[in-house]
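Chain identifiers are assigned alphabetically (A, B, ...) following the order of the sequence lines, protein sequences preceding nucleic acid strands; residue numbering begins at 1 within each chain.
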2 protein chains.
Amino acid sequence: MSQRKASGDVGRATIRDVAERAGVSVASVSRVLSGNYPVSEELRRRVMKVVGDLDYVTNAHARSLAGGGTPTVAILINNITGAAFAHVAKGVEGAATLRGWLSLVGTTGDDPERELALVNLMRQQGVAAVVLLGGAYDFDEYQLRMAGFARSLDAAGSHLVLVGRPPLEGDVPATTVDYDNEGGAYAMASHLLSAGHRRVLVLPGHSELTTAQGRLRGAQRAFEAYGVPFDPGMVRHGPYDYEHGYEAVEDTLKEGVDFTAVLAGTDVVAAGAMQALRAAGLRVPEDVSIVGYDDIPLASQLTPQLTTVHVPYEEMGRVALRAVADRREGGGTGRRNDGDHLVLGTHVVVRNSVRPPARRD
Amino acid sequence: MSQRKASGDVGRATIRDVAERAGVSVASVSRVLSGNYPVSEELRRRVMKVVGDLDYVTNAHARSLAGGGTPTVAILINNITGAAFAHVAKGVEGAATLRGWLSLVGTTGDDPERELALVNLMRQQGVAAVVLLGGAYDFDEYQLRMAGFARSLDAAGSHLVLVGRPPLEGDVPATTVDYDNEGGAYAMASHLLSAGHRRVLVLPGHSELTTAQGRLRGAQRAFEAYGVPFDPGMVRHGPYDYEHGYEAVEDTLKEGVDFTAVLAGTDVVAAGAMQALRAAGLRVPEDVSIVGYDDIPLASQLTPQLTTVHVPYEEMGRVALRAVADRREGGGTGRRNDGDHLVLGTHVVVRNSVRPPARRD
DNA sequence: TTGAAAGCGCTACCAT
DNA sequence: ATGGTAGCGCTTTCAA
């Protein structure tokens, strides 16, 4: 154990250690390991033997610096704990692995400062792409902020991918992978309306969240299409969490407002709403119908199983990675093309949480 | 846009670009940016100005190679979609961010090949530590495999951390962060027994999974303590998923086996069991009581809310990171000490899914 | 087919 | 307080 450098070095073995021990040049070792160059069987054998003995692995940083290196995607997510985005991450991860790419996951905790810090951190890492997940808050600053990210990343040879958010305006170097958010809400609301529901409590989410806005718009359009007046008083905004679903229903009930169905912004909100209804002695779906959005596993695990909108999260992740990989291999010119905005379909999954209203109003 | 090298280089700006443009030396720029060295206000101003203009960020790979670099933890997880491990990951992430560390998440999909590939990949990345999450399959090979990982990582100046798994035997350079798995099961089963339940359907998980083994052992010990004979026929093994919970209960019911309570290996399994009971016309907890394990958010979102064992997943993540960070800063000698095996407590969270059995047998 | 050597972008040491 | 410069470990010409 003294073939390391004079100092009591505890660091990893280097390519030089391997070369010396195998009695060959550093270049040869590199060639054997990269495998992208013809080498004699004898050389390969000797090198691999030493690599095994020393349990050597190449230093990814050095390799990166010198030009080689594994392409890496960074996934930036608000909260790793959210089921929907975990599925997108899974999709990205899976597709990345398939191509031998590496993937990084960073969490922003909904903090713009941290988001910026992470984007820069990823830029430092020289990642091939940064994937930003989830609905965005539609503040004025948002477009500018994202455009800034897109340009910074682009200038560094990287690329910004927005998943589950509306595309950026203008000629910004970014790719968007979206789903038919509004269409899903339209279909979901229509399902409720065609079952005969007229008074429905709508819990679209935070009013500034782009996904919530789209879901609300979809619902409104459905009401219009059915010629049913849409009552803004039946809309309650709030975060996409269980507590909000619970409290919104609880409060609405307390106020004596009448409704026969709940159109929740997400499955988790629906779960909270369901619980509150039950706590108030109401049965689902006999007394009140409920529908969700997302179709995460929870939806089919609730009792009754939740009718909801299926969003192809995992596929979005796969598509997102494919988009950046293609652009990379295609030697993109940097010019935008139609592939820069992909939108995937959504559809209603009918389960057991909807029934025609018991009474008409 | 021609201050780049002669070639039509599209790459990122380098420290040299900044130095030239600011009319200072490369060393000075490095000092300003690292901030760990005294520099004149004038210098700092000029450098930062150019950094802003060029939107420059340091190349993390180069920095790493040269000795600096952000410490990175790698989190290896079977399935990013599992709620429990997502919480551990969150804990690690949070603690890492707090210290300015970076974290990587890789998924193995339960595939040993992929696990090995990822460990090596992380070794290449020169990560400060590799955190392996979740119960392990107790095959003979397992101890050897992990010991191998531990030594490889250690030789590379990295470190292996096992979270939620039993510690490695012998003098292996690894840290284990565990929770009182068996104790939690003991307490949970005792809760059921003291409520009067005697015929309990036990769904501990896969028989080779270490966590399942511990949970089963805990339950058995509780039965012994209560002087109640433990019927092995009431144990059904299977994966930690909703479907298994559903099918196990469905089958048991079909076989006409009598039971007044279900001791599920995880909350998700409990959710499946609950659904199956309900599908069979049985009420929870009036007819059958159910308890889970993990205390993920789902537990309190079920109806009735699930009595379960709380496992401090997020804290385990934090503790795991703290352990490696301390060892790093403490300039550990490499010798094992008591801090190499940390075990956190668990406790029963009483909700509404347990009631004394309606009838005795 | 193999070896020698010039960098990749940065940090840290040694001068000044 | 600032500048010059020798590597960090690897890939990749260019020669042999």
Side-chain angles (χ1 to χ4, degrees), chain A residues 4-7 9-47 50-51 54 56-71 121 123-126 156-157, chain B residues 4-7 9-48 50-51 54 56-71 121 123-126 156-158:
Chain A
R4 295 283 169 67
K5 294 181 213 69
S7 62
D9 195 343
V10 249
R12 34 209 285 211
T14 74
I15 197 173
R16 278 243 309 262
D17 298 334
V18 176
E20 281 172 17
R21 185 135 160 184
V24 301
S25 77
V26 168
S28 294
V29 176
S30 174
R31 288 180 186 121
V32 169
L33 293 175
S34 320
N36 52 14
Y37 206 88
V39 272
S40 71
E41 199 40 54
E42 162 66 3
L43 212 202
R44 145 162 285 112
R45 232 188 20 71
R46 285 174 53 190
V47 169
V50 176
V51 165
L54 259 40
Y56 168 83
V57 287
T58 46
N59 179 321
H61 297 298
R63 194 208 284 268
S64 250
L65 233 204
T70 318
L121 192 60
R123 204 142 61 95
Q124 293 178 21
Q125 302 290 323
Chain B
R4 294 284 169 68
K5 296 182 211 67
S7 63
D9 195 344
V10 250
R12 36 209 286 211
T14 74
I15 198 173
R16 280 243 310 262
D17 298 334
V18 176
E20 281 172 18
R21 188 135 157 183
V24 300
S25 78
V26 169
S28 293
V29 176
S30 175
R31 288 180 187 123
V32 168
L33 294 176
S34 324
N36 52 15
Y37 207 85
V39 271
S40 72
E41 199 40 54
E42 161 66 3
L43 212 201
R44 144 161 286 110
R45 233 188 19 70
R46 285 173 55 188
V47 169
M48 291 314 285
V50 177
V51 165
L54 258 41
Y56 168 84
V57 286
T58 48
N59 179 324
H61 298 299
R63 195 209 282 269
S64 245
L65 237 203
T70 316
L121 194 61
R123 206 142 61 94
Q124 293 178 21
Q125 301 290 323
S158 184

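Under the 4.5 Å side-chain criterion, counting only non-hydrogen atoms from C-beta, A:Arg44 is not in contact with A:Val47. Residues B:Met48 and B:Leu33 are in side-chain contact: their nearest non-hydrogen atoms beyond the backbone lie under 4.5 Å apart. In this structure, the side chains of A:Ile15 and A:Ser30 come closer than 4.5 Å at one or more pairs of heavy atoms.
When the P atom of D:dG9 is taken as reference, atom CD of B:Gln124 falls 15 Å away, rounded to whole Å. Atom CD of B:Glu20 and atom C1' of D:dG4 are 15 Å apart (whole Å). When the C1' atom of C:dT1 is taken as reference, atom CZ of A:Arg45 falls 16 Å away, rounded to whole Å. In this structure, the NE2 atom of B:His61 is 19 Å from the C1' atom of D:dG7, given to the nearest Å.
Here the side chain of A:Leu65 is nearest to one of D:dT2, C:dG9, C:dT1, namely C:dG9.
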Please set out all donor-acceptor pairs under 3.5 angstrom arising from side-chain atoms of residues 63-70 of chain B, sequence neighbours excluded.
unit_1	atom_1	unit_2	atom_2	d
B:Arg63	NH2	B:Thr58	OG1	2.9
B:Ser64	OG	A:His61	NE2	3.4

- Note on the structure: Contact string for nucleotides 10-16 of chain C, one letter per nucleotide 5' to 3', B = base within protein heavy-atom range under 4.0 Å, S = sugar-phosphate only, - = neither, reads BBBB---
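Listed for the B:Arg46 side chain is a donor-acceptor partner under 3.5 Å among the backbone atoms of B:Ala22.
Between A:Val26 and A:Arg16, the shortest heavy-atom contact is CG2-CG, 3.8 Å.
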